[in-house]
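Quick notes on the structure that follows.
To find a chain, count down the sequence lines: A is the first, B the second, and so on, and within it residues start at 1.
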Amino acid sequence: MRYEDSYLYRLRHSAAHLLAQAVTELHPGAKLAIGPPVENGFYYDIEFPTQLREEDLPKLEAKMKELAKLDQRIERLEVSREEARALIVDEAIPGMGAAVADYKLQLLEGIPEGETLSFYNQQRTDREGTLHRFLDLCRGPHVDSTKEIKAFKLMTLAGAYWRGDVKNKQLTRIYGTAFETKEELELHLHNLEEAKKRDHRILGKELGLFMFSARVGTGLPLWLPKGATLRQVMTDFLQREQVKRGYDPVVTPAIGSTQLFIKSGHMANYREKMYPIMESGDDEAYVLKPMNCPFHMEIYASQMRSYRDLPVRYAEFGNVHRYEQSGEVTGILRARGFTQDDAHLFVRPDQLLDEFIGVVDLMQCVLKKLGLTNFRARVGTKDPSSDKYVGHDDNWTAAQEAIEAACQKLGLPYEVSAGDAAFYGPKLDLIIKDALGRDWQMGTVQVDYNLPERFELEYIGEDSKPHRPVMIHRAPFGSLERMIGLLTEQYAGAFPTWLAPVQIAILPIADRHNEAAEGLARQLRDTVFDDRPLRVSVDDRRETLGKKIRENQLQKVPYMLILGDKDLEEGTVGVRSREDGDLGAMALATFLERLSV
RNA sequence: GCCGAUGUAGCUCAGGGGUAGAGCAGCUGUUUCGUAAACAGCAGGUCGCCGGUUCGAAUCCGGCCAUCGGCUCCA
């Protein structure tokens, strides 16, 4: 059953109404806007006469409990438009009338003529015998009585723009959650606590992957040895795949002349996301690049291209900087400086489908290797009612069909989302959730009709005439930062062996075993695993074995090799795996066989 | 950028108008040990920064900065 059709959904919707009822009683003059159920609960957007603070939430929650217990029946009323207006103005919040009805009236105006208008009412009589009605314009459905709302909690406050538009007034959003039983609520709160332990920002610090420094600047990560190792392993893997698939590496600078970015259109359309312009004082101005594409355009345009040269595939792990708004920066999932696993493919129209298949195949290869299964693929297509797009309709149709055909051919399930195309072309995005359930866009493939036009790119066709190539922009990881952040959360820091910064920790038991441990480390570092030398550390601190095991386990090292008198005598190593614990003594060769599985 | 919250030792956190506390980490010494924390001692802080109130501020107030949750925006 769809969540929207479930009892839980109705319960949460009713909980939102209950919250609104409590607000109208405790904060007269508050203007209700909109209060729907959402994935893990509900919210209500409200304009308060005086700004609500978090310490007000317990009072609201207590009021909600009190109102819930009264067993108020929740009744549906279907009314005409005139009645609806009258209800909103005169009665929705007793005594306040039109003064608090702004948003509801706007909502009413937004409902098309002919659609059924409904209200939901819940009412009570207080000790003095006064009737308190709470009526809210709402499509419903709801549960039958407020008594059913027993297990709920108000979570947090946030600002939210009316109708999601920055130009509108910012309302106060109260987030809450509700479940059918107290046990489910407790479980949910417990799960939230657990999820926090998977947060890449916490694990990144604990595992020594990366750090931030206020002296360096917001959103600018410093990669520590273990994190930098992870990056190397990942780029190395992708680079090899790309070589197999006919990509050529290019390298371009961190900054470029404003002339370049005027030509690409970034100065006009992307300026607010760019770090300030650098003036050199002699009529030159430069910007720190927010994207790599303009540089790759220049490389393509630098020479005559024949139809026989295409496709041209330029790949670069390009370091870009974007001045994200301060409130948007989130660890390495949303940094201001990051590295795209970028490439630009310049293709003939007749090559588009095959190139797309190639790119989607690469993406699937990457996802498989990384062990990511919990992603969604979304094909963003043109919004037919908008005219903001560049490029000819025929091209768009061909490109959209190529994207879908490639996904179908390779068995990648996808959803089509009209209006999610870029203005310069349709695209395929991979979307993954983080530990806290937030969606992040990862890998992307985008067809671009805009830049080849702006840079007047050409190739000479069979007919000896110039033609315009199509450009595909693609990044299977999306960015190294975001991918590593999400992988960290997905694996809770316990990376698969091929990816783990330290794959094997050697633990000598006493000082007299240190030399043998170093020897073993050298031997292992000469051993190739997954096409790379093994990454090995030696823990020769003067600590007990138990302590070394504990700390290496907390560092999520996949294997520990314990070396003591018995092993030196018998030519074995004591093997301990991160997942299965003590595996006992075995010959090194036996361990290495196991490792390759 | 906007709304709300948080900021005490390297880390996790307690305390709170009258001279700063714990555990872990660090350092020193002892221990040389077989599968998740040996023992003892020592050292470590302008309580995010700036200003105000006060006889006195880490504590109260204001501003700023950083971080966290959300909105908007995005790889």
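Here A:Asp582 does not pair with A:Arg576 in a salt bridge; the nearest charged N to carboxylate O distance is not below 4.0 Å. Residues A:Lys196 and A:Glu193 are paired through a salt bridge, judged by an N-O separation under 4.0 Å between the basic side chain and the carboxylate.
In this structure, A:Thr218 reaches the sugar-phosphate backbone alone: every heavy-atom distance under 4.0 Å involves primed, P, OP1 or OP2 atoms, never a base. When heavy atoms are screened at a 4.0 angstrom cut-off, A:Gly546 is found touching the sugar-phosphate backbone but no base atom. Counting any heavy atom pair closer than 4.0 Å across all strands shown, A:Asp565 reaches a base atom. A:Lys566 comes within 4.0 angstrom of a nucleotide base, judged by non-hydrogen atoms across all strands. Among the heavy atoms of the strands lying under 4.0 Å from A:Leu52 are primed sugar atoms or P, OP1, OP2 only; no base atom is included.
Distance noted for atom P between B:rC65 and B:rU19: 34 Å (whole Å). A gap of 45 Å separates the P atoms of B:rC55 and B:rG70, to the nearest Å. Spacing between B:rC39 and B:rA58 at atom C1', rounded to whole Å, works out to 35 Å. Rounded to the nearest Å, the gap between the C1' atom of B:rG21 and that of B:rU30 is 28 Å. Comparing B:rG7 with B:rC13, their P atoms are spaced 10 Å from each other, to the whole Å. The gap from the P atom of B:rC11 to that of B:rU67 amounts to 15 Å, rounded to the nearest Å. Comparing the P positions of B:rG4 and B:rA43 gives an interatomic distance of 45 Å, to the nearest angstrom. The separation of B:rC50 from B:rA14, taken at their C1' atoms, amounts to 27 Å, rounded to a whole angstrom.
Note that the OG1 atom of A:Thr177 and the CZ atom of A:Phe42 stand 7.5 Å from one another [nearest 0.5 Å]. One finds the CG atom of A:Leu192 at 7.0 Å from the CG atom of A:Asn40 (value rounded to the nearest 0.5 Å). The distance from atom CD of A:Glu570 to atom CE of A:Met586, rounded to the nearest 0.5 Å, is 13.5 Å.
The residue among A:Ser326 and A:Ile509 whose nearest nucleotide of RNA chain B lies closer to the 5′ end is A:Ser326. RNA chain B is contacted by both A:Leu171 and A:Ile549; A:Leu171 maps to the nucleotide lying nearer its 5′ end (nearest heavy atom per residue).
Pairing for B:rG56 is absent, with no Watson-Crick or G-U wobble pair whose two atom distances lie under 3.5 Å. Of the nucleotides present, none pairs with B:rC74 by Watson-Crick or G-U wobble criteria with both distances under 3.5 Å. The partner of B:rA66 is B:rU6, by the rule that a Watson-Crick or G-U pair needs both atom distances under 3.5 Å. Nucleotide B:rC39 forms a pair with B:rG29, judged by Watson-Crick or G-U wobble geometry with both contacts under 3.5 Å. Pairing of B:rA22, defined by two Watson-Crick or G-U wobble distances under 3.5 Å, is identified with B:rU12. Nucleotide B:rG44 forms a pair with no other nucleotide shown, judged by Watson-Crick or G-U wobble geometry with both contacts under 3.5 Å.
Counting only N and O atoms by type, the side chains of A:Glu39 and A:Tyr3 include no donor and acceptor under 3.5 Å apart. For the residue pair A:Gln170 and A:Trp162, no side-chain donor N or O sits within less than 3.5 Å of a side-chain acceptor on the partner. Side-chain polar atoms of A:Asp342 and A:Asn292 form a donor-acceptor pair below 3.5 angstrom.
In this structure, A:Lys169 forms no cation-pi arrangement with A:Tyr161, as its terminal cationic atom is not both closer than 6.0 Å to the ring centre and no more than 45° off the ring axis.
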Item to complete: List the steps and the verdict of ring-ring contact (aromatic ring centres under 6.0 Å, His included) for A:Tyr559 and A:Phe591.
Response: CA-CA 10 Å; A:Tyr559 291 97; A:Phe591 166 69; 5.3 Å; yes
Practice prompt. For side-chain contact (heavy atoms from CB on, under 4.5 Å), just list the numbers for A:Ile509 and A:Asp565, CA-CA rounded to whole Å, side-chain angles, deciding distance to a tenth of an Å, and then say yes or no.
Written response: CA-CA 8 Å; A:Ile509 288 178; A:Asp565 289 335; over 6 Å; no
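Between A:Arg541 atom CZ and B:rC27 atom P there is a gap of 10 Å when expressed in whole angstrom units. A:Glu543 places its CD atom 14 Å from the C1' atom of B:rU28, with the value rounded to the nearest Å. Across the protein-nucleic acid pair, A:Met560 atom CE and B:rA37 atom C1' stand 13 Å apart, rounded to whole Å. Regarding A:Glu47, its CD atom lies at a distance of 15 Å from the C1' atom of B:rC2, rounded to whole Å. Rounded to whole angstrom, the span from the CD atom of A:Glu569 across to the P atom of B:rG34 amounts to 14 Å. Put simply, CG on A:Leu507 is 11 Å from C1' on B:rA36, counting in whole angstrom units. With rounding to whole Å, A:Gln555 atom CD is found 19 Å from B:rC24 atom P. Here the P atom of nucleotide B:rA66 and the CE atom of A:Met211 are 16 Å apart, to the nearest Å.
Listed by residue number, A:Gly574, A:Arg576, A:Asp582 are the residues of residues 571-583 of chain A with a heavy-atom contact under 4.0 Å to RNA chain B.
Aromatic ring centroids of A:Phe48 and A:His27 lie under 6.0 Å apart.
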Worksheet entry | Heavy-atom protein contacts under 4.0 Å, nucleotides 68-75 of chain B, coded B base, S sugar-phosphate only, - none | SBBBBBBB
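Distances shorter than 4.0 Å separate none of the side-chain N or O atoms of A:Lys547 from OP1 or OP2 on B:rU31.
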